[in-house]
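Read through the structure below, which is laid out as structure tokens, and then see the notes.
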There are 2 protein chains.
Amino acid sequence: MFDAAIPPASARERIAARGGRVTRTRLVVLELLQCSEHPLSHDEIGDALAAAGVAHDRVTLYRTLDWLVEQGLARRIAGGERAWRFEAVRDAAHRHAHFHCDRCGQVVCLEGLEPAPATGLPSGFHVDRAELVLHGSCAACGLGSEAGRVR
Amino acid sequence: MFDAAIPPASARERIAARGGRVTRTRLVVLELLQCSEHPLSHDEIGDALAAAGVAHDRVTLYRTLDWLVEQGLARRIAGGERAWRFEAVRDAAHRHAHFHCDRCGQVVCLEGLEPAPATGLPSGFHVDRAELVLHGSCAACGLGSEAGRVR
DNA sequence: GCACCAAATGCTACAATGTTGCAAGACGAC
DNA sequence: GTCGTCTTGCAACATTGTAGCATTTGGTGC
């Protein structure tokens with residue numbers, strides 16, 4: 001479940017390398033993202049911070065995440081609901097699709113499924129990045145019976 | 001770029017065919033979506049309603065759009081910001097990708113670019129639909145110079 | 001170890017988007 | 001035209017995210 005290839009210690013180095021101050025919030029949030037196998041919402045991160053005994057408020061968390069995204073340490077993805085989700089960036093060049101369970105709202109990463117390259121774009125348009133999100137039901141919610149449903 | 005195959009008059013029939021009452025709000029909203037070449041946000045639809053002299057309030061518009069989506073007459077897409085955007089469904093089987101301009105927030109449809117089929121999914125997962133959103137800058141905002149930017 | 005300063009944080013207030021409950025009004029069948 | 005039910009409009013609230021500002025803290029120089 002944890003990504004053993006990236007020891008938690010590197011979080012401190014990665015933060016310092018960007019010229020940012022190594023604060024407990026940044027440290028814990030980045031370690032959390034690095035250890036999570038799926039993108040986390042603000043709520044989930046906030047709960048984890050509370051569980052870890054790190055004092056924080058909503059605004060600080062927003063700013064911490066903004067900073068991580070700005071520094072290229074985390075990525076922001078649209079979770080389907082109107083809340084963002086965040087994941088650690090392991091390899092800036094590597095991108096992958098996401099699966100959003102319409103039942104439980106959970107988002108999982110789909111390694112090995114890269115968004116298709118852009119083709120057929122009107123002239124003048126410049127593509128920065130592509131986001132591919134599959135919607136349906138995850139294994140835990142499994143509802144094959146409602147397959148035909150259109151949304 | 002308008003879909004001449006579906007004259008505005010059919011909006012009334014499509015609503016009635018679903019067993020719903022034909023109200024001015026539903027009629028105007030559906031016609032608006034059918035005539036628009038790109039997905040519209042609540043705000044844009046609300047402004048158009050006001051311009052058309054149709055009384056309405058925010059909640060009614062939300063419910064009207066919910067109803068249209070529920071009936072398969074409209075589709076809801078995540079616009080990048082935390083607000084939904086809506087587009088008319090012309091052909092339930094036909095899907096296309098969208099382009100979101102990170103500058104002006106505008107969303108345009110990319111006909112001819114279907115989301116890639118789902119592969120490499122964990123077992124037990126069931127895909128209902130795929131959403132492919134390209135991010136970048138549209139022709140009007142054209143900012144080729146900031147191409148390397150990571151978000 | 002101590003002082004200092006810019007960077008982070010925490011707090012309050014606010015904005016935007018969306019939802020719920022309920023009474024009043026309008027559509028459509030008769 | 002009457003009537004029942006579906007829609008609407010209103011008010012209040014929930015969630016997600018931002019802005020301004022005083023306070024605290026990390027990190028640097030001494």
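Each chain gets a letter, A, B and so on, in the order its sequence line appears, and its residues count up from 1.
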Rounded to whole Å, how long is the line connecting atom CZ of R76(B) with atom P of dG18(C)? 9 Å
Between S10(A) (side chain only) and E13(A) (backbone N and O only), is there a donor and an acceptor less than 3.5 Å apart? no
Test the R82(A)-W84(B) pair against the cation-pi criterion, namely NZ or CZ under 6.0 angstrom from the six-membered ring centroid and within 45° of the ring axis. no
Where does the chain A footprint on DNA chain D start and end, counting 5' to 3' with a 4.0 Å heavy-atom cut-off? dT16(D) to dG27(D)
NE2-CD1 distance between H42(A) and I45(A), expressed to the nearest 0.5 angstrom: 6.5 Å
Rounded to 10°, the angle between the first-five-pair and last-five-pair axes of the helix from dG1(C)-dC30(D) to dC30(C)-dG1(D) is 30°
Send over the distance from L61(B) CG to dT17(C) P, rounded to a whole Å. 12 Å
Non-hydrogen side-chain atoms of R63(B) and V59(B) separated by less than 4.5 Å: yes
Starting at atom CZ of R24(B), determine the distance to atom C1' of dC27(C), rounded to an integer number of angstrom. 12 Å
Counting the benzene-type ring for Trp, do F99(A) and H135(A) have ring centres under 6.0 Å apart? no
Take atom CG of D57(A) and atom P of dA13(C), then tell me their distance rounded to the nearest Å. 14 Å
Between protein and nucleotides 1-8 of chain C, map the contacts as a letter string: B base, S sugar-phosphate only, - none, heavy atoms under 4.0 Å, written 5' to 3'. -----BBS
Whole-Å gap separating C1' (dC14(C)) and CZ (R58(A)): 11 Å
Counting distance only, does the side-chain N/O of R76(B) pair as donor-acceptor with the main-chain N or O of D66(B) below 3.5 Å? no
For the CZ atom on R18(B), are there more than 12 heavy atoms of other groups (residues, nucleotides or ligands in this structure) within a distance under 6.0 Å? yes
So does R12(A) pair up with E31(A), basic N to acidic O under 4.0 Å? no
Please evaluate residues H100(A) and D102(A) with respect to the criterion side-chain hydrogen bond (donor to acceptor under 3.5 Å, both in side chains), reporting the C-alpha separation (whole Å), side-chain torsions for both, the decisive distance (0.1 Å), and the verdict. CA-CA 6 Å; H100(A) 177 265; D102(A) 291 335; 3.0 Å; yes
Test item: Q71(B) side-chain N/O and L68(B) main-chain N/O as donor-acceptor pair under 3.5 Å: no
Out of E70(B), E131(B), E87(B), which one pairs with R75(B) under the salt bridge (charged side-chain N to carboxylate O under 4.0 Å, His left out) rule? E87(B)
